[in-house]
S.K.: 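Structure in structure tokens, see below.
Count residues from 1 along the sequence. Ligands are counted one by one from 1 in listed order, and the atoms in each one are counted from 1 as well.
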Amino acid sequence: MDRTLMMIKPDAVRRNLVGEVLRRVENAGLKIVGLRMVHLSIEDAQEFYRVHAERPFYASLCKYMSSGPIVAGVLEGEDSVRRWRELMGATNPAEAAPGTIRKDLAVSLEENSVHGSDARETADQEIRFFDLKLPLRG
Ligand code: UDP
Ligand code: MG
């Protein structure tokens, strides 16, 4: 069993798609073991995405990610990092496979509705960022 960090990004929260995304997570058999709505400050977004600090889209991405609340969650399951990214689909919704969240729900390359960690080490780091390590179950 391993864990990954998911975010439901501002564009999806704004369009009332929180339930739709969580339903897809649960239908895929991934366990939601932590969940929290937060409104990131611009500084929070800059820190979370600092790996992209040199990329041309960084400033716009950080502004967008702090433009409204997001839902951050921890998903648990065998191979959870890969399985969640598969459900999400490719970064660019135009290239995402049919049936994926980004293909079905995303607005644009930037406003692509969801985030998922890209490796186990990144997942540990991203979960620590949100302090969502403790499962909210008995
Ligand atoms: N992004 C963007 N323009 C790009 C590439 C990425 O606006 O050309 C945004 C998009 O919201 C993406 C995020 O930056 O989800 C992080 O990029 P990354 O390459 O890590 O994609 P992801 O891991 O989210 O699929
Ligand atoms: Mg990434």
S.K.: Could you give the distance from CZ (F129) to CE (M7), rounded to the nearest 0.5 Å?
M.R.: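 Reported value, rounded in 0.5 Å steps: 8.0 Å.
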
S.K.: Looking at CE of M65 and NZ of K9, how far apart are the two atoms once the value is rounded to the nearest 0.5 Å?
M.R.: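 Spacing of CE (M65) from NZ (K9) equals 5.5 Å.
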
S.K.: Can you list, by chain and residue number, every protein residue with a non-hydrogen atom closer than 4.0 Å to ligand 1?
M.R.: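 Under the 4.0 Å cut-off, ligand 1 touches K9, Y49, H52, F57, L61, R85, T91, R102, L109, E110, N112.
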
S.K.: Using side-chain heavy atoms (C-beta onward) and a distance below 4.5 Å, is R3 in contact with V33?
M.R.: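 When only atoms from C-beta onward are counted, V33 and R3 do touch, with a gap below 4.5 Å.
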
S.K.: For residues V114 and M6, determine if any side-chain heavy atom of one lies less than 4.5 Å from a side-chain heavy atom of the other.
M.R.: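 Not touching, per the 4.5 Å side-chain cut-off.
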
S.K.: Assign the ring pair Y49 / H115 to parallel, tilted or perpendicular, where the plane angle (0 to 90°) is split at 30° and 60°.
M.R.: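 Ring orientation, 0 to 90° scale: perpendicular.
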
S.K.: For S66, enumerate each residue passing the side chain to side chain contact (heavy atoms under 4.5 Å, CB included) test, keeping only those at least two apart in sequence or located in another chain.
M.R.: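 Expected list: I42.
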
